[in-house]
Amino acid sequence: MTTDGALARLIRSSADGTAAAEAEVCDLCAAPVPDEHPHLYDTRQDQVRCVCGPCSVLFAQGGAGDGHCRLVPRRRIRLPKVDTAALGVPVGLVFFVPRTDGTVTAQGPSPAGAMRWEVDAAAWQRLAETCPPLATVEPEVEALLVNTVHGLDHHWIVPIDDCYRMVAVVRREWRGLSGGGRIWPAVERFFEDLTERS
């Protein structure tokens, strides 16, 4: 599924996280996929695609797709507080994605999808020196996901598809000009439901 398609499907999902009625299929071979399935990130199209288990094996070593399709990892690591203010992004709910060309982008959710900013790559490198796990973030397919809204202190290394799920939660729950009363409890539930995995 494309990134927009991923968001659309997640927005149609019920608030308790059950799958939408539409059955998902592998974007490569059209085989049905279960609710929990691998994803590919297409760096040329800036898209997340659903894949079945057999198709995901083709991308496990990065040899297929001329290198522009990357299998999205599954690991999640909860980090101690990271001083992301040094990166110059003025929002508290944001994810930072290092790119293969050495640049870093920050993306924050909005009712219309993810907003994007360029981050100073040298500032990212300095931050990684103070928090060594950041140096292990896989370009394009992993991100530093942060929520410091309302005094919270969530800092995670997550797969990129988790970031798009968070954006979908914001789009689904946003009401009116300021977001309404449902958005922040839903975002907090999203972070509470994250679990570490290797």
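The closest donor-acceptor contact from the side chain of W184 to the backbone of A186 lies at 3.5 Å or more, if one exists at all. Remark: the backbone N or O of I157 is not paired with any side-chain donor or acceptor of R75 at under 3.5 angstrom. Under the 3.5 Å distance criterion, the side-chain polar atoms of H155 are matched with a main-chain donor or acceptor of V82. A distance-only check finds a donor-acceptor pair linking the side chain of R76 to the backbone of T195 [under 3.5 Å]. Judged purely by atom type and a 3.5 angstrom limit, E196 uses its side chain to pair as donor or acceptor with the backbone of R78. Using a distance-only test at 3.5 Å, with no hydrogens or angles considered, a donor-acceptor pair links the side chain of E140 to the main chain of T100.
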Notebook entry, point to check: V137 and F96: side-chain contact (heavy atoms from CB on, under 4.5 Å), yes or no, with the steps?
Noted result: CA-CA 10 Å; V137 174; F96 299 90; over 6 Å; no
Next item on the list: Output, in order, the C-alpha distance, side-chain angles, deciding distance and verdict of side-chain contact (heavy atoms from CB on, under 4.5 Å) for L28 and L58.
Entry: CA-CA 11 Å; L28 300 182; L58 299 172; 5.6 Å; no
Notebook entry, point to check: Passes side-chain contact (heavy atoms from CB on, under 4.5 Å), V94 versus T84? Steps please.
Noted result: CA-CA 10 Å; V94 64; T84 54; 5.7 Å; no
Next item on the list: Take L144 and W124 through the test side-chain contact (heavy atoms from CB on, under 4.5 Å) and record every step on the way to the result.
Entry: CA-CA 11 Å; L144 169 62; W124 174 265; 4.0 Å; yes
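Taking 4.5 Å as the limit, every side-chain heavy atom of C55 sits out of range of all side-chain heavy atoms of H37.
The hydrophobic cluster containing W117 also contains L127, counting ILVMFWY residues as joined when their side-chain heavy atoms lie under 4.5 angstrom apart, directly or transitively. Under a hydrophobic-cluster definition in which Ile, Leu, Val, Met, Phe, Trp and Tyr are linked whenever side-chain heavy atoms come within less than 4.5 Å, directly or via other members, V167 and V97 are assigned to the same cluster. Note: the hydrophobic cluster containing Y164 does not contain V91 (ILVMFWY, side chain heavy atoms under 4.5 Å, direct or indirect links). Cluster membership for L152 and L87, using ILVMFWY side-chain heavy atoms within less than 4.5 angstrom, is not shared. Both M166 and W156 are members of a single hydrophobic cluster when ILVMFWY side chains are connected at heavy-atom separations under 4.5 Å.
Salt bridge R165/D193: absent, no basic N to carboxylate O contact under 4.0 Å.
Heavy-atom contacts from other residues, nucleotides or ligands closer than 6.0 Å to CZ of R74 number 12 or fewer.
Of the inter-residue distances, the one linking T148 atom OG1 with D83 atom CG reads 10.5 Å to the nearest 0.5 angstrom. Considering CD1 of I77 and CG of L194, their distance stands at 13.0 Å, rounded to 0.5 Å. Separating the CD atom in Q47 from the CG atom in D42 is a distance of 6.0 Å, to the nearest 0.5 Å.
Residues P133 and L79 share a closest heavy-atom pair of CB-CD2, 3.8 Å. For D162 against F190, the heavy-atom pair with the smallest separation is O-CZ, 3.4 Å. The shortest heavy-atom contact between F59 and C69 is CE2-CB, 3.5 Å. Closest approach of F95 to L145, counting heavy atoms only: CB-CD1, 3.9 Å. For the pair V33 and C26, the tightest heavy-atom approach, listed with the atom from each and the gap, is CG1-N, 3.7 Å. For P73 against E142, the heavy-atom pair with the smallest separation is CG-CG, 3.7 Å.
Under the 3.5 Å distance criterion, with hydrogens and angles disregarded, a donor-acceptor pair is assigned to the side chains of R99 and T105.
Tested against I183, the residues V169, V149, V170, L93 include a single side-chain contact (heavy atoms from CB on, under 4.5 Å) partner, V170.
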